[in-house]
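Read the structure below first, then the notes.
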There are 2 protein chains.
Amino acid sequence: MASTSEILTAERILAATEEVLRRHGPAKATVVDVARALGVSHGSVYRHFRTKAALREAVTKRWLDRTSQKLAVIAAASERDPEARLRDWLAALFEAKRHKAGDDPELFATYTVLTDENGGVVGEHIAELTAQLTGIITQGAGSGTFSVPDPAAAARAVFQATGRFHDPCYAREWTRPGVGEEFTAVVDLLVRGLR
Amino acid sequence: MASTSEILTAERILAATEEVLRRHGPAKATVVDVARALGVSHGSVYRHFRTKAALREAVTKRWLDRTSQKLAVIAAASERDPEARLRDWLAALFEAKRHKAGDDPELFATYTVLTDENGGVVGEHIAELTAQLTGIITQGAGSGTFSVPDPAAAARAVFQATGRFHDPCYAREWTRPGVGEEFTAVVDLLVRGLR
DNA sequence: CAGATGACAGATATTGAAATCTGTCATCTG
DNA sequence: CAGATGACAGATTTCAATATCTGTCATCTG
C-alpha cells in the first residue's frame, strides 16, 4: 500500500509509529500496524528497534524533545532581563502543554500513556528543563535580580511549584476559566520569593 | 457471621464499607459484600444509600474529612505566629498524606480510585483546606507578617504550588530520598514571596 | 553480504457465553 | 406500619476459547 522505494530509516519508522499511534491509540497500536503503514515486514522494524517498548520510548523522547527545544530558545536569550525571561519561559511551557492537550485531546491522552510507561525518558526531559531554568536563575543571581544561595535548588523548587501548569495529570484543569489568573498568581509569588 | 442486634445506621454501613474496600479493593468491593459483612440483605443497604456510587462517595467524604479536621486544629491556633503556623499546616498536610500513602499503600491506592470517581467531594475538600489556609494568611496580612493584596488568591496559589506534596498523583515521589528538602525549598520560596 | 522476509513459539488480547451484581419492589415481620 | 427481605430484570463482570501480536531466526534477494 504505502510502499515507497525509500530506504527504511529509524526516522521514517518513528514518523510512521506516531501516525499509527494517532490513528489507533496506545492500546491498539501494534508493531505489525507500523510495518504495514511502511509497506515492510515487521521483522524489518525489529532491525532498527530491539523491542516494541524501545520503539515507543523513542517516539516519546522525540515528542518531549520538541518541547524542550522550543523552550531552549527562550532560556538562551541571555541579553534579556532574567525575571522577564523566567516568566516567559514558564508561560511558554504552560502554553505548549495547554495547546497540546487542548488541540488534540486524544493524541495528548495517547502521549500521557506513553510518558507513564517511560519514566526514564520523562526524567531526562525534566532534568533538561530544570537545567534550562537553572541557567536563567543563575544569571538572575549574577545580575542581582534574584537572591538565591543555590540556583539549582531554586530551579527545582520553581519547576515543582508550577507542576499544576505543566504536569499532564492536571491537563483537565487547563481548560477551566480562571487558570490563567491562577498561573499568574503562582508565578508572581515565586518570583517575589526569588528576589 | 457478623450479625449483631444493633440498629442498622448509616455510620455502621460506612464502617463496614471501608472494611470491605480494605479487604477486596475498589474494583471487587460490592454492595452484596457490605451487606454480608453486616449480616443483612443488600436491600437494607439501599434503604440508607440510594446507589452504590452514593455509598462510595460517602465513604470518600468521611476519609477526606478526617484529614481536614486534623488540620483545622493547626489553622485555628490563632495565638501562634502566622508564618510558623503556615509552615506547620503545610508540613502537617504533607505528613498526613505521606503517612497514609506509606503505611498502607494498598488502602491508599483504593482511596485514590475513590477520589478519582468523586470529583465533587474532592472539590469540597479542597475548598475547605483552602479556606483554612486563607484564614492563616489573612491573619498574617493583618499582623503585618505577610504582605498580600488578596489572601484568598494567595491561599489558592500556595495550595496549588505545594500540590506535589499533597496531591495523590505524586504519591510515588513521596518515598524518594530528598523529598523533605524539596518540600522545604518550595515552602521557603513561597513564604518569602508572601512577606 | 547487508538488509529484508515470513514462519514460528510463546505471550497477550479479544470475544461471547455464563455468572454475578445493581437497583427495584411486592411482600413479610415485629 | 417502619423497616427488612429476597426474587427479579437489566447491566456488568468473569472466564476460557480463540485470535492476534511480539520477538527470533533460518532463509532469501539484489
Side-chain angles (χ1 to χ4, degrees), chain A residues 1-60 106 109-110 113-114 116-118 120-121, chain B residues 1-60 106 109-110 113-114 116-118 120-121:
Chain A
M1 305 275 134
S3 73
T4 72
S5 50
E6 274 181 72
I7 279 182
L8 187 61
T9 60
E11 175 55 29
R12 282 187 64 220
I13 293 174
L14 289 177
T17 304
E18 201 162 42
E19 184 54 26
V20 168
L21 280 164
R22 183 192 302 276
R23 279 224 163 79
H24 300 350
K28 291 192 179 174
T30 72
V31 175
V32 171
D33 289 332
V34 173
R36 187 163 32 233
L38 288 162
V40 300
S41 77
H42 74 282
S44 300
V45 173
Y46 279 98
R47 180 162 295 283
H48 292 83
F49 296 92
R50 274 205 317 294
T51 63
K52 182 189 185 182
L55 175 57
R56 287 165 80 110
E57 184 180 87
V59 170
T60 307
E106 259 182 85
T110 292
V113 172
L114 290 180
D116 278 349
E117 66 190 33
N118 292 299
V121 169
Chain B
M1 295 256 155
S3 74
T4 72
S5 51
E6 275 181 72
I7 279 181
L8 186 61
T9 62
E11 176 54 32
R12 282 187 66 216
I13 294 174
L14 289 176
T17 304
E18 202 162 41
E19 184 54 27
V20 167
L21 280 164
R22 183 191 305 273
R23 280 221 163 82
H24 300 349
K28 293 190 177 175
T30 72
V31 175
V32 172
D33 290 331
V34 173
R36 187 164 33 234
L38 288 162
V40 301
S41 78
H42 74 280
S44 300
V45 173
Y46 279 100
R47 179 163 295 283
H48 291 83
F49 295 94
R50 273 203 318 293
T51 64
K52 181 189 187 183
L55 175 57
R56 288 166 78 110
E57 182 180 89
V59 171
T60 308
E106 259 181 84
T110 292
V113 171
L114 289 181
D116 279 349
E117 66 190 33
N118 291 299
V121 169

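Not measured: the values here are computed from a predicted model. Chain naming here is simple, since letters A, B, ... match the order of the sequence lines and numbering starts at 1 in each.
- A donor-acceptor pair is defined here as one N or O able to donate and one able to accept, closer than 3.5 Å; such a pair exists between the side chain of B:R56 and the backbone of B:P26.
- Taking 4.0 Å as the cut-off between side-chain N and carboxylate O, A:E19 and A:R23 count as a salt-bridged pair.
- Contact detail for A:A58 and A:F49: the closest heavy-atom pair is CB-CE2, 3.7 Å.
- Remark: the backbone N or O of B:I7 is paired with a side-chain donor or acceptor of B:R12 at under 3.5 angstrom.
- The only member of B:L38, B:I13, B:L8 that meets side-chain contact (heavy atoms from CB on, under 4.5 Å) when paired with B:S44 is B:L8.
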Table of protein N/O atoms under 3.5 Å from nucleotides 11-13 of chain D N/O atoms:
none

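- Scanning all heavy atoms of the two residues, the minimum distance from A:Y46 to A:T51 falls at CE2-CA, 4.0 Å.
- Between the OG1 atom of A:T30 and the CZ atom of A:R36 there is a distance of 6.5 Å, given to the nearest 0.5 Å.
- Note: NE2 (B:H48) to P (D:dA2) measures 15 Å, nearest angstrom.
- In this model, the phosphate group of C:dT5 is approached by a side-chain N or O of A:S41 to a distance below 4.0 Å at OP1 or OP2.
- Nearest heavy-atom pair across B:A29 and B:L21 is CB-CD2, 3.7 Å.
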In B/S/- notation (B base, S sugar-phosphate only, - none; protein heavy atoms under 4.0 Å), nucleotides 21-30 of chain D written 5' to 3' is SBBB------
Read 5' to 3' with Watson-Crick or G-U pairs under 3.5 Å, [ ] for crossing pairs and | for partners on another strand, DNA chain D gives ||||||||||||||||||||||||||||||
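- When all heavy atoms of A:A16 and A:V34 are compared, the closest pair comes out as CB-CG1, 4.3 Å.
- Atom C1' of nucleotide D:dA2 and atom CD1 of B:I7 are separated by 11 Å, given to the nearest angstrom.
- When the P atom of C:dA4 is taken as reference, atom CG of A:L38 falls 11 Å away, rounded to whole Å.
- Residues B:H48 and B:A10 approach most closely at CD2-N, 3.9 Å, considering heavy atoms.
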